[in-house]
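Here the structure is laid out as structure tokens; the discussion comes afterwards.
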Amino acid sequence: MKFTAEQIAEILEGEVVGDPNAEVSRLSKIEEGEEGSLTFLANPKYINYIYSTKASVTIVNDSFIPEQEITTTLIKVEDAYASFSKLLHFYNQVKLNKNGIETNSFITEGTKYGENLYLGSFSYIGQNVVLGNNVKIYPNSFIGDNVVIGDNVYIFAGAKIYSETVIGNNCTIHSGTIIGADGFGFVPNEEGVYSKVPQIGNVIIEDNVDIGANTTIDRATLGSTIIRQGVKLDNQIQIAHNVEIGKNTVIAAQSGVAGSTKIGENCMIGGQVGIAGHLVIGNNVRLQAQSGVARNIKDGEILQGTPSLGYTDFNKSYVHFKNLPKIVAEMDELKKQIINPKNGNNG
């Protein structure tokens with residue numbers, strides 16, 4: 001899809017300096033710009049590239065005044081970085097705005113769906129499913145019975161949404177994600193053989209949630225596993241049964257949360273963090289990457305390490321830890337001096 005400099009300037013409420021009919025069909029870095037591409041200049045470190053770039057159109061700040069001849073058409077805006085981000089969002093919406101039901105997809109009778117549905121090939125919609133407006137379900141996806149999905153939701157290829165799941169508005173679920181699989185519930189008998197505990201709850205995902213690729217969120221044993229509004233989950237995260245994650249909390253890749261743990265609002269959890277079950281994590285908590293959490297955490301704590309310590313305590317302890325060989329050697333030398341003093345008195 002092609003856009004002219006004039007059309008882009010209208011979207012960004014900017015001013016064209018150069019050819020208003022210059023056309024672009026792709027985006028690029030300023031140092032890699034080619035004819036037909038759109039780029040931007042926001043960081044002064046890259047200012048030299050404005051004079052050599054081959055990009056057809058470049059977004060710049062209002063304050064930019066060229067000191068040499070340039071060939072690219074400029075679009076002057078108040079904030080080039082913010083305007084380029086806005087344009088990326090617009091471009092993504094246009095790119096993903098698919099409509100219609102493709103061949104070889106299957107919708108069970110009784111399904112209700114709103115306007116502008118997109119259903120990719122080889123996708124399956126189960127019984128009594130309710131889909132809102134502007135729902136986009138990409139190929140090879142599975143939507144189980146009694147699922148409810150709100151407006152403006154993207155479900156990318158290969159995602160699996162088990163029965164009874166509820167998804168709010170403006171959510172994005174990336175490829176390979178599985179929502180609503182059974183929680184890990186087993187009870188051993190006297191012989192040590194494990195019997196499965198039926199998992200009859202569901203998963204509730206509130207509005208404005210993003211879930212990365214290959215993340216898994218288990219259904220509750222009873223009640224609901226709940227992901228509150230604004231939560232952002234990275235790729236390859238495991239959320240166990242009956243977990244609740246508070247609004248606007250973000251969790252990085254390869255982290256795991258065991259069953260029935262409650263995480264508060266506005267938390268930041270780094271990659272490869274492990275959180276044990278049946279804990280309460282407060283609001284505004286920061287867990288550094290690879291931390292192991294086995295206790296309740298109060299509001300505002302910053303932790304690191306396994307088992308996790310206060311962030312400042314961890315850093316102080318680490319200074320001593322990396323110096324342990326030297327410290328041990330000094331202690332051994334002190335012992336020798338105590339046992340065998342230089343004056344020869346071994347008393």
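For this chain, numbers begin at 1 and follow the sequence in order. Quantities reported herein were computed from a predicted structural model and do not represent experimental measurements.
Hydrophobic clustering (side-chain heavy atoms under 4.5 Å, transitive across Ile, Leu, Val, Met, Phe, Trp, Tyr) groups Val24 together with Leu12. If you chain together hydrophobic residues whose side chains sit under 4.5 Å apart, Leu74 and Ile47 fall into the same group. Hydrophobic clustering of Ile, Leu, Val, Met, Phe, Trp and Tyr side chains at less than 4.5 Å, counting indirect connections, unites Leu117 with Ile167. Val153 and Leu96 are not part of a single hydrophobic cluster, where members link through side-chain heavy atoms under 4.5 Å apart. Under the 4.5 Å side-chain heavy-atom criterion for Ile, Leu, Val, Met, Phe, Trp and Tyr, Ile155 and Tyr162 are members of distinct hydrophobic clusters.
Closest approach of Ala252 to Gly270, counting heavy atoms only: CB-C, 3.6 Å. The minimum heavy-atom distance between Asn266 and Thr249, with the atom names listed, is N-OG1, 3.3 Å.
For the residue pair Asp207/Asn170, the side-chain donor-acceptor check at 3.5 Å is not satisfied. Checking Gln199 against Thr221 by side-chain atom types alone, a donor-acceptor pair falls below 3.5 Å. A side-chain donor from one of Asp218 and Gln238 sits under 3.5 Å from a side-chain acceptor of the other. No side-chain N or O of Thr165 forms a donor-acceptor pair with one of Asn202 less than 3.5 Å apart. Between the side chains of Thr53 and Thr72, no donor-acceptor pair of N or O atoms lies under 3.5 Å. For the residue pair Lys136 / Asn99, a side-chain donor-acceptor distance below 3.5 Å is found, with atom types taken as modelled. Residues Asn116 and Asn134 have side chains that bring a donor and an acceptor to within less than 3.5 angstrom of each other. Side-chain contact, Asn133 with Glu115: no donor N or O sits under 3.5 Å from an acceptor N or O.
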Go through Ile275 and Val243 one step at a time and tell me if the side-chain contact (heavy atoms from CB on, under 4.5 Å) criterion holds.
CA-CA 11 Å; Ile275 301 176; Val243 166; over 6 Å; no
Checking Thr58 against Ile70 for the side-chain contact (heavy atoms from CB on, under 4.5 Å) test, could you report, in this order, the C-alpha distance in whole Å, the side-chain angles of both residues, the deciding distance, and whether it holds?
CA-CA 11 Å; Thr58 303; Ile70 58 174; over 6 Å; no
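A 4.5 Å side-chain heavy-atom check between His174 and Thr172 finds at least one atom pair inside the cut-off. In this structure the side chain of Glu265 reaches within 4.5 angstrom of the side chain of Lys247, judged on heavy atoms. Put simply, the side chain of Tyr113 reaches to within 4.5 Å of the side chain of Ile101, judged on heavy atoms. Leu303 places a side-chain heavy atom less than 4.5 Å from the side chain of Arg295. Using a 4.5 Å cut-off on side-chain heavy atoms (C-beta onward), Ile211 and Ile227 make no contact. The closest side-chain heavy-atom distance from Glu78 to Glu13 is not below 4.5 Å. Two residues are said to be in side-chain contact when any heavy atoms from C-beta on lie closer than 4.5 Å; Ile269 and Val257 fail this criterion. When side chains are defined from C-beta on, Val17 does not count as touching Val60, because their heavy atoms never get closer than 4.5 Å.
No donor-acceptor pair under 3.5 Å is formed between the side chain of Ser291 and the backbone N or O of Val273. Side chain of Asn104 to backbone of Phe122: no donor-acceptor contact under 3.5 angstrom is found. For the pair Lys262 (side chain) and Asn242 (backbone), a donor-acceptor distance under 3.5 Å is present. Side-chain atoms of Glu32 never come within 3.5 Å of backbone atoms of Lys29 as a donor-acceptor pair (strictly under, hydrogens ignored). Remark: the backbone N or O of Arg228 is not paired with any side-chain donor or acceptor of Glu206 at under 3.5 angstrom. Under a 3.5 Å cut-off, the side chain of Asp234 and the backbone N or O of Ala253 do form a donor-acceptor pair. Ser56 contributes no side-chain N or O that, together with a main-chain N or O of Ala22, makes up a donor-acceptor pair within less than 3.5 Å.
Distance check, rounded to the nearest 0.5 Å: CG of Asn283 to CD1 of Ile263 gives 11.5 Å. Note that CD of Glu67 is 9.0 Å distant from CD1 of Ile65, once rounded to the nearest 0.5 Å. Taken from OG1 in Thr215 to CD1 in Ile178, the straight-line distance is 10.5 Å, to the nearest 0.5 Å. A distance of 9.5 Å separates NE2 of His241 from OG1 of Thr261, quoted to the nearest 0.5 Å. Here CD1 of Ile179 is found 11.5 Å from CZ of Arg219. Values are rounded to the nearest 0.5 Å. Here Gln290 contributes atom CD and Gln272 contributes atom CD; the two are 4.5 Å apart, rounded to the nearest 0.5 Å.
Within 6.0 Å of the CD atom in Glu102, the count of heavy atoms belonging to other residues, nucleotides or ligands exceeds 12. More than 12 heavy atoms of other residues, nucleotides or ligands sit less than 6.0 Å from atom NZ of Lys196.
Between Phe184 and Phe186, the ring planes are perpendicular. Angles over 60° get that label, and only those under 30° would be called parallel. The aromatic rings of Phe90 and Phe3 sit perpendicular to each other, their planes meeting at more than 60°, with 30° as the lower class boundary. The aromatic rings of Phe142 and Tyr124 lie parallel to each other, with less than 30° between the two planes, well short of the 60° mark. Between Tyr138 and Tyr118, the ring planes are perpendicular. Angles over 60° get that label, and only those under 30° would be called parallel.
Between Lys76 and Glu15, no side-chain nitrogen of the basic residue sits less than 4.0 Å from a carboxylate oxygen of the acidic one, so the salt-bridge criterion is not met.
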